[in-house]
Student: 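The following block contains the structure, expressed as structure tokens.
Because the structure is a prediction, the values reported are computed rather than measured. Residue numbers start from 1 in every chain, and the chains themselves are labelled A, B, ... in the order their sequence lines are given, proteins ahead of strands. Side-chain atoms are counted along with the backbone in the values below, which use heavy atoms only and exclude waters and symmetry mates.
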Amino acid sequence: MEKIRTLRGFRDIFGEEMEKFRIIEDTSRHYFKLLGFNEIEIPALEKTELFTRSIGDATDIVEKEMFTFVDAGGDSLTLRPEATAGVVRFYLQEGMYVKERVSKLFTIGSMFRHERPQKGRFRQFHQIDVEVFGVSDPFIDAELLWLISLILDKLMLEGYSIEVNSVGCRVCRNGFRDKVVAYFETKRDMLCEDCLRRLERSPLRIFDCKKEGCIKATEESPFLFDSLCKDCNEHFDSFLDYLGQFKIKATLNKRLVRGLDYYTKTVFEVTSENLGAQKAFIAGGRYDNLVEEMGGPPIPGIGFAIGVERLSLITSARRPSEVPLTYLAYLGKDAKRYIVPILERFVSSGYRLFYSYEEKSLKSQMRYADSLNAEFVLILGEDEIKKNLIILRSMRGKWQKEVPLNPDSILKEVISSTL
RNA sequence: GUGGGUGUAGCUCAAUGGUUAGAGCACCAGGCUGUGGACCUGGGGGUUGAGGGUUCGAAACCCUUCACCCACCCCA
């Protein structure tokens with residue numbers, strides 16, 4: 001019979017990677033709560049229209065990367081490819097803007113994109129998503145980058161860099177689009193096929209192309225950054241000033257654009273050279289028109305997402321050492337009856353006790369204890385039961401001694417031997 | 001969606017078209033009948049990703065398909 005395997009791009013997460021996921025999540029939660037963020041959980045499945053309207057129907061994500069299907073009721077549904085759209089829907093559906101003047105939200109979960117898998121890219125992947133509604137002051141833009149750096153520092157991450165840019169608002173973008181198209185029309189022969197296509201549909205994406213010719217073509221081009229309107233310019237300058245107050249080092253990358261249509265003004269990306277081609281592991285930006293475009297009041301927003309798989313690839317964070325492990329080796333059915341009382345005593349005090357379920361030779365049990373990295377082994381056989389005691393052996397210290405056979409004194413002896 | 005690479009034991013990998021597909025690690029047992037890591041001996045494990053074809057004979061060659069890895073693209 002054929003073995004059933006995971007779908008392409010879908011994975012089981014376990015062992016060390018699972019531990020890292022938890023560390024990343026716990027660390028993030030810790031700082032989110034300190035800075036006043038509330039956790040929400042939103043559905044993985046939404047109406048397709050939610051994503052086409054927010055992300056933009058000319059984007060790659062919407063055009064070819066969504067898991068979309070028609071359900072039994074005839075509705076077109078989509079597994080979320082990103083979290084912002086759903087969080088905005090939540091924000092409007094619950095009328096959060098009436099309940100509080102500023103909403104700081106975060107959510108953690110799986111996203112789905114139908115892409116070809118490669119290093120750091122899967123069809124089901126995990127994001128830690130942060131969104132702030134109701135703050136137009138650029139202080140929050142800087143605060144979010146500071147929050148990111150707190151998390152990354154706590155995870156002992158080295159060798160990452162933060163790039164920032166401004167993609168302006170509708171006002172500056174409209175004027176700039178014509179300028180850019182006019183410029184690239186003179187450089188047609190240098191552009192790759194994709195970029196010729198982009199020239200028609202979304203010329204700003206040309207700046208993101210990594211082809212040599214296209215990078216060259218952009219060298220003398222006007223940058224949107226240099227044509228920002230007064231308002232956007234002031235916003236960015238004061239964003240940089242706040243970044244300085246938070247002592248965050250970021251480099252300006254005028255080439256940086258985002259693949260989702262809703263971004264305005266501040267955008268940023270955190271990258272690592274240790275990741276291969278998919279080197280951005282955190283990215284985000286401001287979206288001052290999105291809430292209104294989704295049918296709500298004109299409320300500004302800003303947010304970012306952490307790619308958990310990617311961050312987990314580059315962090316060396318380890319969970320601090322656990323409580324010592326004690327292994328109970330028993331010989332015979334009578335001895336086995338002592339597992340329960342000793343186990344209860346250990347667990348109720350927060351200590352770990354492992355044992356074998358089947359009766360095995362002492363040698364086998366000792367080997368097993370060693371492979372589990374147990375600090376102590378308790379040995380209990382007929383002789384010990386007769387004398388009403390148990391042997392406590394230290395695997396590292398290589399000493400052993402006899403201890404009265406009752407749960408309290410056993411645990412007490414383990415605790416005092418741990419130091 | 002495009003390109004390149006790879007699929008053999010739980011893991012890492014061998015095997016000129018030619019006997020019954022091997023090794024290391026891991027696992028289990030014994031040596032040591034009640035004491036771990038080293039050593040020795042033995043043991044369990046495989047539809048060689050799947051399906052078809054060529055051949056006296058295929059893990060190997062051809063076709064199809066699936067999966068994994070890397071890159072393009074795109075993005076977290």
Side-chain angles (χ1 to χ4, degrees), chain A residues 1-11 24 55 59-66 80-84 108-130 148 192-195 197-198 202 205 208-211 214 256-260 268-272 275-285 303-314 327 329-332 335 358-385 391-400:
Chain A
M1 202 161 62
E2 198 185 327
K3 281 183 198 160
I4 297 174
R5 298 180 46 95
T6 51
L7 296 169
R8 157 167 262 198
F10 287 69
R11 311 184 311 133
I24 290 168
I55 299 171
T59 57
D60 279 14
I61 292 180
V62 169
E63 270 191 342
K64 49 193 185 192
E65 293 174 6
M66 297 205 301
R80 59 182 178 194
E82 58 105 48
T84 303
I108 299 176
S110 291
M111 308 298 150
F112 304 85
R113 290 183 201 171
H114 196 280
E115 297 180 276
R116 190 84 168 254
Q118 78 186 70
K119 189 181 173 85
R121 190 173 76 181
F122 307 101
R123 289 185 174 183
Q124 177 176 10
F125 59 100
H126 296 78
Q127 284 191 344
I128 298 173
D129 184 80
V130 173
I148 288 171
C192 70
E193 252 177 65
D194 287 326
C195 283
R197 206 159 37 87
R198 291 182 181 122
S202 49
R205 303 267 293 280
D208 216 20
C209 188
K210 280 139 198 138
K211 296 247 165 52
C214 304
L256 184 67
V257 293
R258 310 268 66 230
L260 293 78
F268 52 87
E269 225 174 65
V270 186
T271 60
S272 166
L275 266 175
Q278 313 300 322
K279 60 181 192 159
F281 62 98
I282 299 177
F304 66 86
I306 301 175
V308 181
E309 279 81 357
R310 291 184 187 177
L311 179 50
S312 144
L313 278 175
I314 50 177
Y327 182 89
Y330 62 92
L331 296 158
E358 288 120 44
E359 274 187 59
K360 296 254 178 169
S361 70
L362 184 58
K363 182 190 182 69
S364 165
Q365 295 193 67
M366 290 301 287
R367 272 196 193 143
Y368 185 46
D370 187 51
S371 74
L372 292 172
N373 237 326
E375 186 134 349
F376 302 102
V377 173
L378 293 164
I379 300 168
L380 185 62
E382 286 171 24
D383 299 349
E384 287 76 19
I385 292 173
I391 294 170
L392 173 66
R393 176 172 176 80
S394 163
M395 297 295 269
R396 262 158 244 173
K398 293 185 180 189
W399 50 259
Q400 62 186 47

Student: For A/Glu65 and A/Pro117, find the nucleotide of RNA chain B closest to each by heavy atoms; which residue's nucleotide sits nearer the 5' end?
Tutor: A/Pro117

Student: Touch check for A/Phe281, heavy atoms < 4.0 angstrom, all strands: base, sugar-phosphate only, or nothing?
Tutor: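 Sugar-phosphate contact only - A/Phe281 comes under 4.0 Å of backbone atoms but never of a base.
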
Student: Tell me: CD of A/Glu115 to P of B/rC70, nearest whole Å?
Tutor: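 The distance from CD of A/Glu115 to P of B/rC70 comes to 14 Å, rounded to the nearest Å.
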
Student: Quick one: CD1 on A/Ile282 to CD1 on A/Ile306, what's the gap to the nearest 0.5 Å?
Tutor: 4.5 Å

Student: If we only count heavy atoms from C-beta on, is the A/Asp129 to A/Ile108 side-chain gap below 4.5 Å?
Tutor: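 The answer is no, as the side chains (C-beta and beyond) never meet within the 4.5 Å cut-off.
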
Student: Given atom CG of A/Leu275 and atom P of B/rA71, what is their separation to the nearest angstrom?
Tutor: 10 Å

Student: Is there, by distance only and without an angle test, a donor paired with an acceptor across the side chain of A/Lys398 and the base of B/rG36 below 3.5 Å?
Tutor: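 Side chain to base: no pair below 3.5 Å.
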
Student: If you find the nucleotide of RNA chain B closest to A/Gly120 and the one closest to A/Arg8, which residue's nucleotide is nearer the 5' end?
Tutor: A/Arg8

Student: Is A/Tyr368 stacked on the base of B/rG36, meaning ring centres closer than 5.5 Å and planes within 30 degrees of each other?
Tutor: no

Student: Please write out each protein N/O paired with an N/O of nucleotides 33-35 of chain B under 3.5 Å, distance rounded to 0.1 Å.
Tutor:
from, atom 1, to, atom 2, distance (Å)
B/rG34, O6, A/Asp383, N, 3.2
B/rG34, O6, A/Asp383, OD1, 3.4
B/rG34, O6, A/Asp383, OD2, 3.1
B/rG34, N1, A/Glu384, OE1, 2.9
B/rG34, N1, A/Glu384, OE2, 3.0
B/rG34, N2, A/Glu384, OE2, 2.6
B/rU35, O2, A/Gln400, OE1, 3.3
B/rU35, N3, A/Gln400, OE1, 3.3
B/rU35, N3, A/Gln400, NE2, 3.2
B/rU35, O4, A/Gln400, NE2, 3.2

Student: Any idea how A/Phe376 and A/Trp399 line up, ring-wise: parallel (<30°), tilted (30 to 60°), or perpendicular (>60°)?
Tutor: tilted

Student: C1' atom, B/rG43 versus B/rU47: distance in rounded Å?
Tutor: 23 Å

Student: For the atom pair NZ (A/Lys119) and CD (A/Gln278), what is the distance rounded to the nearest 0.5 Å?
Tutor: 10.5 Å

Student: In terms of heavy-atom contacts, does CD of A/Glu382 have more than 12 from other residues, nucleotides or ligands at under 6.0 Å?
Tutor: no

Student: Given the P atoms of B/rC70 and B/rU12, what is the spacing between them in whole Å?
Tutor: 14 Å

Student: B/rC75 P sits how many Å from A/Phe268 CZ, rounded?
Tutor: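 The answer, rounded to whole Å, is 16 Å.
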
Student: So A/Gly9, base contact, sugar-phosphate only, or nothing? Heavy-atom distance under 4.0 Å.
Tutor: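 Sugar-phosphate contact only - A/Gly9 comes under 4.0 Å of backbone atoms but never of a base.
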
Student: Under 3.5 Å, is there any donor-acceptor pair linking the side chain of A/Arg310 to the base of B/rC75?
Tutor: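 When only heavy-atom distances are counted, A/Arg310 does reach the base of B/rC75 through a donor-acceptor pair under 3.5 Å.
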
Student: If you check every side-chain atom of A/Arg367, which of B/rA76, B/rG37, B/rC73 has the closest atom?
Tutor: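 Nearest to the side-chain atoms of A/Arg367, counting from C-beta on, is B/rG37.
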
Student: Take atom CG of A/Asp370 and atom P of B/rC28, then tell me their distance rounded to the nearest Å.
Tutor: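 These atoms are roughly 12 Å apart.
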
Student: Please identify each residue that fulfils side chain to side chain contact (heavy atoms under 4.5 Å, CB included) with A/Gln400, with sequence neighbours left out.
Tutor: A/Ile391, A/Arg393

Student: Output yes when at least one side-chain N/O atom of A/Gln118 is less than 4.0 Å from OP1 or OP2 of B/rA71, else no.
Tutor: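 Yes, within the criterion.
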
Student: For the P atoms, the ones on B/rC11 and on B/rG4, what distance do you get once it is rounded to whole angstrom?
Tutor: 28 Å

Student: Say we look at B/rC72 and B/rA9: how far apart would their C1' atoms be, to the nearest angstrom?
Tutor: 36 Å

Student: Counting runs of three or more consecutive pairs, Watson-Crick or G-U wobble, with each distance below 3.5 Å, where are the stems of RNA chain B?
Tutor: B:1-7 with B:66-72, B:10-13 with B:22-25, B:27-31 with B:39-43, B:49-53 with B:61-65

Student: A/Ala283 near the nucleic acid: base, sugar-phosphate alone, or nothing, with a heavy-atom cut-off under 4.0 Å?
Tutor: sugar-phosphate

Student: Any base atoms under 4.0 Å from A/Ser364, or only sugar-phosphate, or nothing? Heavy atoms, all strands.
Tutor: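 Sugar-phosphate only.
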
Student: Under 4.0 Å between a side-chain nitrogen and a carboxylate oxygen: does that hold for A/Arg123 and A/Glu115?
Tutor: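 Salt bridge flag = no for A/Glu115 with A/Arg123.
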
Student: Using a distance-only criterion (donor-acceptor N/O pair, under 3.5 Å, no hydrogens), is the base of B/rC75 paired with the side chain of A/Gln127?
Tutor: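 Result: no qualifying N/O pair found.
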
Student: Quote, to the nearest angstrom, the C1' distance that separates B/rU55 from B/rG3.
Tutor: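 To the nearest whole Å, 33 Å.
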
Student: Within this structure, what is the CD-CZ distance for the pair A/Glu65 and A/Phe112, rounded to the nearest 0.5 Å?
Tutor: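 A/Glu65 atom CD to A/Phe112 atom CZ measures 14.5 Å (nearest 0.5 Å).
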
Student: Got a second to check how far A/Leu331's CG is from A/Leu362's CG, nearest 0.5 Å?
Tutor: 5.5 Å

Student: Within less than 4.0 Å of OP1 or OP2 of B/rC73, is there a side-chain N or O belonging to A/Arg116?
Tutor: no

Student: Report the distance from atom CD of A/Gln365 to atom P of B/rA29, rounded to the nearest whole Å.
Tutor: 10 Å

Student: Quick check: any donor-acceptor pair below 3.5 Å linking the side-chain of A/Arg121 to the base of B/rC73?
Tutor: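 Present.
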
Student: Expressed as a whole number of Å, how far does the P atom of B/rC40 sit from that of B/rG24?
Tutor: 10 Å

Student: Quick check for you: to the nearest 0.5 Å, what is the distance between A/His126 atom NE2 and A/Ile128 atom CD1?
Tutor: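 Spacing of NE2 (A/His126) from CD1 (A/Ile128) equals 10.5 Å.
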
Student: What is the distance, rounded to the nearest whole Å, between atom CD of A/Gln124 and atom C1' of B/rC75?
Tutor: 17 Å

Student: Hey, could you give me the CD/CZ distance between A/Gln127 and A/Arg80, rounded to the nearest 0.5 Å?
Tutor: 9.0 Å

Student: Rounding to an integer number of Å, can you tell me how far A/Leu311 CG sits from B/rA76 C1'?
Tutor: 10 Å

Student: In this structure, how many angstroms lie between the C1' atom of B/rC75 and the NZ atom of A/Lys64, rounded?
Tutor: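 One finds 12 Å between C1' of B/rC75 and NZ of A/Lys64, rounded.
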
Student: Taking the same atom, P, in B/rG1 and in B/rC61, what whole-Å distance lies between them?
Tutor: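 Here B/rG1 and B/rC61 have their P atoms 27 Å from each other.
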
Student: For B/rG5 versus B/rC27, give the span between their C1' atoms, rounded off to a whole number of Å.
Tutor: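 Pairwise C1' distance, B/rG5 against B/rC27, rounds to 32 Å.
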
Student: Quick one: label A/Gly284 by what it contacts on the DNA or RNA (base, sugar-phosphate, nothing), any heavy atom closer than 4.0 Å.
Tutor: nothing

Student: Under the side-chain contact (heavy atoms from CB on, under 4.5 Å) rule, what do A/Tyr327 and A/Glu375 come out as? Steps first, then yes or no, please.
Tutor: CA-CA 8 Å; A/Tyr327 182 89; A/Glu375 186 134 349; over 6 Å; no

